[in-house]
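I have placed the structure first, in the form of structure tokens, so that the comments after it can refer back to it.
Below, all heavy atoms of this structure are taken into account, side chains as well, without hydrogens, waters or symmetry copies.
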Amino acid sequence: MKKILLSVVFAFLLLFVNAQDSAVQHVQWQYSVVKKDAANYQLIFTATIEKGWRLFSVTMKDDEPNTRIILDSLPAAFVTVNAITEAPTPVAAKEPLLDNATVKYFEETATIEWAVTINKQQPVTGTINYLVYKGNEFAGPEAVPFRFVFDKAGALSSAKGGLQEASTGFDLKRNAIDLKNPVNNCGGTGGEDSANKSLWTIFVLGFLGGLVGLIMPCTFPMIPLTVSFFTKRAATKKQGITNAFLYGFFIFLIYVLLSVPFYFLDAGNSDVLNNISTNAWLNIVFALIFLVFAISFFGAFEITLPSRFTNNVDAKSNVGSVGGIFFMALTLAIVSFSCTGPILGSLLVGALNQDGGALQLTMAMAGFGLALGLPFALFALFPNWLSNLPKSGSWMNTVKIVFGFVELALALKYLSNADLVEHWGLLKREVFIGIWLLISLATSLYLFGILKFSYDPPPAKLSAGRKIFAGLFLLLAIYLAPGLTNTKYANLKLMSGLLPPLTYSVYHGSDEEKGLEAQVVNDYEAALALAKKENKPILIDFTGWGCTNCRRMEENVWPNPQIKKLIKENYILVSLYVDDRKKLLPTEQFIYTLPDGSKKEIKTVGNKFSTLQSVNFSNASQPLYVAITANEKLLTLPVGYTPNVNEYAAWLQCGIDAFNKIK
């Protein structure tokens, strides 16, 4: 019982001390190495502790306050830890704050030694995790990084404790770049209004998603029932219309409110949503979720929220007039979840893959909620329209099954995102297109009544609408077919951004007519050197593996003969992927101090180039195109997504003119 109580108290203290000052203020760490022989070393961690403060011993148990030295995930074959010792002997005393449990701690100084065997000359990195206290005041827990590296002579030495500051590594802030003073004051021809266009596009897509949700079996039958309830129950026609409008508004409000938490997630980190959307394992989770949704739509099972939750909300729908209407709207949102959940999930993941993040999610949810809530208000205002609504029937099962095929396609899309970011090579462009082609064919065969489901047999006579949609899916399959070839016809421009890039192909090399490839990828310094050697300006392409608009530019704009000629003959093109999860070499990793004073660890290729973009160009969206000289003189104002070929060509030419002016 004492151990359980100690664990609970310790957990509470961990929550409490997070609000206290940093343990770094009270403990300073130094690192050194003693070489025993060619493979064996003594790693020494020395702590200087501020007077009055106490550092917990490494001998404390895991469920007690302690100090731990944790290696990064290095293969066991590289480093073997043989023994851990500490000096001087820690003080052992009962601690009233921890229910008089015996704790071990150091005062003023402590030395922790690791006897290790290094089987491969690989940098040894990790963190020291510790907690300190003074009286009833705690500080931490703190994680201080350390790093030991091999020098040119093959000897292991300390790298002054963890990742180095930017001044000792790759300097992300390029002082020569001056956004306020480009050589030519041109640019921005397609970037300024792209965000607004994108927001309205997302809103329309959300609205269309809401219309799909409206005709689902869980939602559609509710329209006449709910409208009749309001109009017949109200004392006057005006009150009935008012209540129905309130009901529709509350549906809209509920879906908008679902996006609010993402504003807190978005705060304080310009690329946090990008990190989420391009996280490989999260994309795999999304793929699995959509797969489950698809199987549900195919009739294997039904996804519902817990009945107790639904019943509790439904019971409150009788409380007061306005409050009761709100809970009626909430009840609709809950009971229709089995049909609308997959659509909402698609909107959520789609918005996270956009640069606008939380704001775009709000627009998507607003469109969805408006499409779902507006009919209830309109049919209350014009009750005669109800007679024109199609009757509920088997056609709604058809909608569900078709949407199940769509969910399969979405599952593949998010699996592809993970594959692209991690470079697994599992879903190359042609493999992806082939699977989508099969899904399109299957959907068409189902709508034509050839592919059958046991619980939804095809009607005796196919309706005109069903034949039209079957034909559209068949046309989609035909359109996808050339994408399997290694020809110029493989560039399926209408689907740019949805498919893996042309360069991610099963074929060795790519057809000359497919597009334009960067001369340098993920190596900014190499691009500067090449530009200096060839006396050309640099076109920086800040891009991402999961960036839809980047693919549209690369596959719709760059292949244009005018654009291709301007870039190939006049620029050094360097593509920097801000979502690339490839780890930098340990000697290339460092800590960067952001303009607000916060620290950011630069451990991956994406970390480096997303930070390079944000600190120098005050922009975290992709694509972003920047024209500079080899000496980093800004030639024009940067531009973003610019689908108009003439506007993009004019911007490129403006950069060339600026370069010729100063060279």
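Across Lys633 and Asn181, no two heavy atoms sit closer than the pair NZ-O, 3.7 Å. The two residues Leu566 and Ala649 make their nearest non-hydrogen contact at CD1-O, 3.8 Å. Taking each heavy atom of Ala287 and Tyr414 in turn, the nearest pair found is N-CB, 4.2 Å. Shown here for Met553 and Thr642, the closest heavy-atom pair between the two residues is SD-O, 3.3 Å. When every heavy atom of Glu430 is checked against every heavy atom of Tyr504, the shortest pair comes out as OE1-O, 4.4 Å. For the pair Tyr571 and Ala627, the tightest heavy-atom approach, listed with the atom from each and the gap, is CE2-CB, 4.2 Å.
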N/O donor-acceptor pairs under 3.5 Å from side chains in residues 536-543, not counting sequence neighbours:
{"unit_1": "Asp541", "atom_1": "OD2", "unit_2": "Ser575", "atom_2": "OG", "d": "2.8"}
{"unit_1": "Thr543", "atom_1": "OG1", "unit_2": "Arg551", "atom_2": "NH2", "d": "3.3"}

Which atom pairs, one a donor and one an acceptor, fall under 3.5 Å between side chains of residues 654-661 and the rest of the protein, sequence neighbours left out?
{"unit_1": "Asp657", "atom_1": "OD1", "unit_2": "Gln653", "atom_2": "NE2", "d": "3.0"}
{"unit_1": "Asn660", "atom_1": "ND2", "unit_2": "Ile656", "atom_2": "O", "d": "3.3"}
{"unit_1": "Lys661", "atom_1": "NZ", "unit_2": "Asn184", "atom_2": "OD1", "d": "2.6"}

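With a 4.5 Å cut-off on side-chain heavy atoms, Leu635 and Ile628 do not count as touching. When side chains are defined from C-beta on, Met363 does not count as touching Phe207, because their heavy atoms never get closer than 4.5 Å. Residues Phe405 and Phe298 have side chains in contact (heavy-atom distance under 4.5 Å, counting atoms from C-beta outward). Within the 4.5 Å cutoff, side-chain heavy atoms of Asn491 are placed close to those of Pro559. Counting heavy atoms from C-beta on, the side chains of Leu634 and Leu179 come closer than 4.5 Å. Between Asp419 and Phe432, the closest side-chain pair of non-hydrogen atoms is not below 4.5 Å. Between Leu499 and Trp436, some side-chain heavy-atom pair lies under the 4.5 Å cut-off. With a 4.5 Å cut-off on side-chain heavy atoms, Asp523 and Val574 do not count as touching.
When atom types are taken as modelled, the side chain of Arg429 and the backbone of Ala490 share a donor-acceptor pair closer than 3.5 angstrom. Checking side-chain atoms of Ser614 against main-chain N and O of Thr611 turns up a donor-acceptor pair under 3.5 Å. Looking at Gln519, its side chain does come within 3.5 Å of a backbone N or O of Leu573 through a donor-acceptor pair. Not one N or O on the side chain of Trp545 forms a donor-acceptor pair closer than 3.5 Å with the backbone of Tyr577. Panel note: side chain Asn616, backbone Leu172; a donor-acceptor pair is recorded below 3.5 Å.
For the salt bridge (Lys or Arg N to Asp or Glu O under 4.0 Å) condition, no pair includes a residue of residues 282-297, sequence neighbours left out.
A salt bridge links Glu525 with Arg174: the closest approach of a Lys/Arg side-chain nitrogen to an acidic carboxylate oxygen falls below 4.0 angstrom.
Ring orientation note: the planes of Phe368 and Tyr255 are nearly perpendicular, at an angle over 60° on the 30°/60° scale.
Side-chain polar atoms of Asn619 and Ser621 form a donor-acceptor pair below 3.5 angstrom.
Here the straight-line distance linking atom OH of Tyr625 with atom SG of Cys550 works out to 6.0 Å at 0.5 Å rounding. In this structure, NZ in Lys603 is found 15.5 Å from NZ in Lys608, a value given to the nearest 0.5 Å. Note that NZ of Lys493 and CD of Glu555 are 10.0 Å apart. Values are rounded to the nearest 0.5 Å. For the atom pair CG (Leu415) and CG (Leu291), the distance works out to 10.0 Å, reported to the nearest 0.5 Å. Interatomic distance, CZ of Phe473 versus CD1 of Ile468, reported as 13.0 Å (0.5 Å rounding). If you take CG on Leu476 and OG on Ser440, they are separated by 3.5 Å, rounding to the nearest 0.5 Å.
By the side-chain hydrogen bond (donor to acceptor under 3.5 Å, both in side chains) test, Asn644 pairs with no residue at all, sequence neighbours left out. Thr604 pairs by the side-chain hydrogen bond (donor to acceptor under 3.5 Å, both in side chains) definition with Asn607, not counting sequence neighbours. Residues that satisfy the side chain to side chain contact (heavy atoms under 4.5 Å, CB included) test with Leu474, not counting sequence neighbours, are Leu441, Ser444, Ile478.
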task: Show your reasoning for whether side-chain contact (heavy atoms from CB on, under 4.5 Å) applies to Asn646 and Gln562.
output: CA-CA 9 Å; Asn646 292 331; Gln562 180 186 10; 4.2 Å; yes
message: Is there a side-chain contact (heavy atoms from CB on, under 4.5 Å) between Tyr524 and Glu632? Walk through the geometry before answering.
response: CA-CA 11 Å; Tyr524 180 67; Glu632 299 181 304; 2.6 Å; yes
- prompt: Given the rule in the side-chain contact (heavy atoms from CB on, under 4.5 Å) test, do Met495 and Ile433 qualify, once you have shown the distances and angles that lead to the verdict?
  reply: CA-CA 10 Å; Met495 305 195 73; Ile433 290 174; over 6 Å; no
task: Please lay out, stage by stage, how Leu372 and Phe252 fare under the test side-chain contact (heavy atoms from CB on, under 4.5 Å).
output: CA-CA 7 Å; Leu372 210 59; Phe252 166 81; over 6 Å; no
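The local environment of CZ in Phe617 is crowded, with over 12 non-hydrogen atoms from other residues, nucleotides or ligands closer than 6.0 Å. Residue-environment remark: OH (Tyr479) exceeds the threshold of 12 foreign heavy atoms within 6.0 Å.
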